[in-house]
Asker: 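Got a structure for you, questions after.
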Amino acid sequence: MKEVTIDNRIMGYIALFEKLGKVETRECLENEDMILFIVGERRLSDLFKKNPNIISELREKTNKHILVVEYSRDLLTYVRNIFFRFGVKEVEVVWRSGQIDISVSVDQGEIGRAIGKEGRNIKLFREAVQRHFSNVRSLNIKQ
């Protein structure tokens, strides 16, 4: 896994998430519009059992869109989990010279949201994948 520096703002988000959700956060990333929380494998259902309103509570407290994703050691499953909210249709993985290029197809009406304003969301998702799978060179939305 790639070395990551966590600042006080991210630590605050993690503390808030764990306090409200009673589930340990594996990772937290943000951009100008969204906070992405990654929980451990098979922990997403625990989160919503303990606090079914966690997304709206976090959105209210942070004034950002919230996405919670379940981690997987399997690259394909992890990418599908990240794009689940956008109606993932297909994930294409191409290996070239030890590097991986990933193309994701999502529902036609969700392409803009998956990419985000000025590409912010896709950059955030790419970073989330590359933190755990260092040989991923690219992650793109198929249009």
Side-chain angles (χ1 to χ4, degrees), residues 1-7 9-59 61-62 64-143:
M1 188 159 105
K2 206 167 151 181
E3 188 174 313
V4 177
T5 304
I6 299 175
D7 63 19
R9 188 179 63 258
I10 296 293
M11 287 176 58
Y13 292 149
I14 290 170
L16 179 63
F17 181 87
E18 291 179 353
K19 178 183 172 193
L20 294 173
K22 313 266 189 287
V23 170
E24 189 175 323
T25 308
R26 184 179 175 100
E27 188 109 45
C28 177
L29 297 93
E30 77 165 330
N31 64 23
E32 294 85 347
D33 304 319
M34 178 186 289
I35 303 172
L36 172 63
F37 293 98
I38 301 168
V39 297
E41 292 181 273
R42 297 177 178 77
R43 299 301 306 207
L44 199 57
S45 63
D46 294 342
L47 174 70
F48 290 107
K49 284 179 190 171
K50 293 176 181 177
N51 185 350
N53 302 316
I54 188 165
I55 302 296
S56 57
E57 290 177 23
L58 286 166
R59 187 179 316 124
K61 292 182 185 304
T62 63
K64 290 189 176 205
H65 295 285
I66 304 297
L67 181 60
V68 181
V69 172
E70 189 172 270
Y71 174 73
S72 176
R73 286 174 274 183
D74 176 67
L75 174 63
L76 206 54
T77 302
Y78 186 48
V79 171
R80 281 189 171 281
N81 290 348
I82 289 173
F83 288 94
F84 178 81
R85 173 189 207 173
F86 307 104
V88 65
K89 292 181 175 182
E90 179 185 28
V91 178
E92 183 181 309
V93 177
V94 178
W95 292 80
R96 287 190 191 121
S97 306
Q99 296 290 301
I100 301 171
D101 296 312
I102 304 170
S103 294
V104 181
S105 296
V106 298
D107 287 341
Q108 192 68 30
E110 297 293 323
I111 291 173
R113 285 184 52 224
I115 294 171
K117 187 188 290 183
E118 298 174 5
R120 292 178 190 154
N121 292 348
I122 191 67
K123 287 176 190 170
L124 187 70
F125 302 152
R126 187 178 301 122
E127 181 181 351
V129 171
Q130 289 173 333
R131 282 190 181 187
H132 296 281
F133 299 93
S134 59
N135 55 344
V136 171
R137 178 178 39 202
S138 67
L139 174 66
N140 299 299
I141 302 291
K142 242 191 213 180
Q143 296 189 27

Asker: Parallel under 30°, tilted from 30 to 60°, perpendicular over 60°: which one fits the rings of Tyr78 and His132?
Answerer: perpendicular
Asker: Checking Arg43 now: which residues fulfil salt bridge (charged side-chain N to carboxylate O under 4.0 Å, His left out) with it, not counting sequence neighbours?
Answerer: Asp46
Asker: Locate the shortest heavy-atom distance separating Lys61 from Leu16; write the atom from each residue and the value.
Answerer: CD-CD1, 3.7 Å
Asker: What distance separates Leu58 CG from Ile66 CD1, expressed to the nearest 0.5 Å?
Answerer: 5.0 Å
Asker: Name all residues meeting the side-chain hydrogen bond (donor to acceptor under 3.5 Å, both in side chains) criterion together with Arg59; count only those two or more places apart in sequence or in a different chain, and write none if there are none.
Answerer: none
Asker: Can you find a pair of side-chain heavy atoms, one from Val69 and one from Leu36, that are under 4.5 Å apart?
Answerer: yes
Asker: Output the distance between atom NE2 (His65) and atom CZ (Arg85), rounded to the nearest 0.5 Å.
Answerer: 7.5 Å
Asker: Taking only residues two or more places apart in sequence or in another chain, which ones pass salt bridge (charged side-chain N to carboxylate O under 4.0 Å, His left out) with Asp33?
Answerer: Arg120
Asker: Not counting sequence neighbours, which residues clear side-chain hydrogen bond (donor to acceptor under 3.5 Å, both in side chains) with Ser45? List them please.
Answerer: none
Asker: Taking C-beta and beyond as the side chain, do Leu75 and Val91 meet within less than 4.5 Å on heavy atoms?
Answerer: no
Asker: Got Ile38 and Ile82 here, is their nearest side-chain heavy-atom distance under 4.5 Å?
Answerer: no
Asker: Could you measure the distance from the CD atom of Glu24 to the CD1 atom of Ile14? Nearest 0.5 Å is fine.
Answerer: 10.0 Å
Asker: Is there any ring-ring contact (aromatic ring centres under 6.0 Å, His included) pair reaching into residues 106-130, and which pairs are they, with sequence neighbours excluded?
Answerer: Phe83-Phe125, Phe86-Phe125
Asker: Distance from Asn135 atom CG to Ile100 atom CD1, nearest 0.5 Å?
Answerer: 3.5 Å
Asker: Keeping to residues at least two apart or across chains, list the ring-ring contact (aromatic ring centres under 6.0 Å, His included) pairs with something in residues 96-116.
Answerer: none
Asker: Can a donor-acceptor pair be found, under 3.5 Å and without considering hydrogens, that links the side chain of Asn53 to the backbone of Ser56?
Answerer: no
Asker: Check for a donor-acceptor pair, side chain of Ser97 on one end and backbone N or O of Gln99 on the other, with a separation under 3.5 Å.
Answerer: no
Asker: Does any part of the side chain of Asn140, heavy atoms only, come nearer than 4.5 Å to the side chain of Arg126, both counted from C-beta?
Answerer: yes
Asker: Over all heavy atoms of both residues, which pair between Val23 and Val39 is shortest? Give the atoms and the distance, please.
Answerer: CG1-CG1, 4.2 Å
Asker: Please identify each residue that fulfils salt bridge (charged side-chain N to carboxylate O under 4.0 Å, His left out) with Arg96, with sequence neighbours left out.
Answerer: Asp101
Asker: Let me confirm one number: the CG-CD1 distance from Asn31 to Ile122, rounded to the nearest 0.5 Å.
Answerer: 11.5 Å
Asker: Are the side chains of Leu67 and Ile35 in touch, meaning some heavy atoms are under 4.5 Å apart?
Answerer: no
Asker: Quick one: list whatever passes side-chain hydrogen bond (donor to acceptor under 3.5 Å, both in side chains) with Arg80, sequence neighbours left out.
Answerer: none
Asker: Atom CD of residue position Glu41 - does it have more than 12 heavy atoms of other residues, nucleotides or ligands inside 6.0 Å?
Answerer: yes
Asker: Check the surroundings of atom CZ in Phe84: do more than 12 heavy atoms from other residues, nucleotides or ligands lie under 6.0 Å from it?
Answerer: no
Asker: Quick one, Phe133 and Arg131 - any side-chain contact, counting heavy atoms below 4.5 Å?
Answerer: no
Asker: Mind listing the closest non-hydrogen atom pair of Lys19 and Lys22 along with its distance?
Answerer: O-NZ, 3.0 Å
Asker: Show me the pairs that pass ring-ring contact (aromatic ring centres under 6.0 Å, His included) and involve residues 11-32, at least two apart or across chains.
Answerer: Phe17-Phe37
Asker: Mind checking salt bridge (charged side-chain N to carboxylate O under 4.0 Å, His left out) for Lys142 and listing every partner two or more places apart, or none if nothing turns up?
Answerer: Glu90, Glu92
Asker: Sequence neighbours excluded and cut-off under 3.5 Å, please list the side-chain donor-acceptor pairs for residues 104-118, or say none.
Answerer:
residue : atom : partner : partner atom : Å
Glu110  : OE1  : Arg113  : NH1          : 2.5
Glu110  : OE2  : Arg113  : NH1          : 3.4

Asker: I'd like to know if the side chain of Glu18 reaches the main chain of Thr25, judged simply by a donor and an acceptor atom lying under 3.5 Å from each other, with no hydrogens or angles considered.
Answerer: yes
Asker: Checking Asn51 now: which residues fulfil side-chain hydrogen bond (donor to acceptor under 3.5 Å, both in side chains) with it, not counting sequence neighbours?
Answerer: Glu57
Asker: Working note: Glu32 + Lys64, criterion salt bridge (charged side-chain N to carboxylate O under 4.0 Å, His left out); need CA distance, chi angles, decisive distance, verdict.
Answerer: CA-CA 8 Å; Glu32 294 85 347; Lys64 290 189 176 205; over 6 Å; no
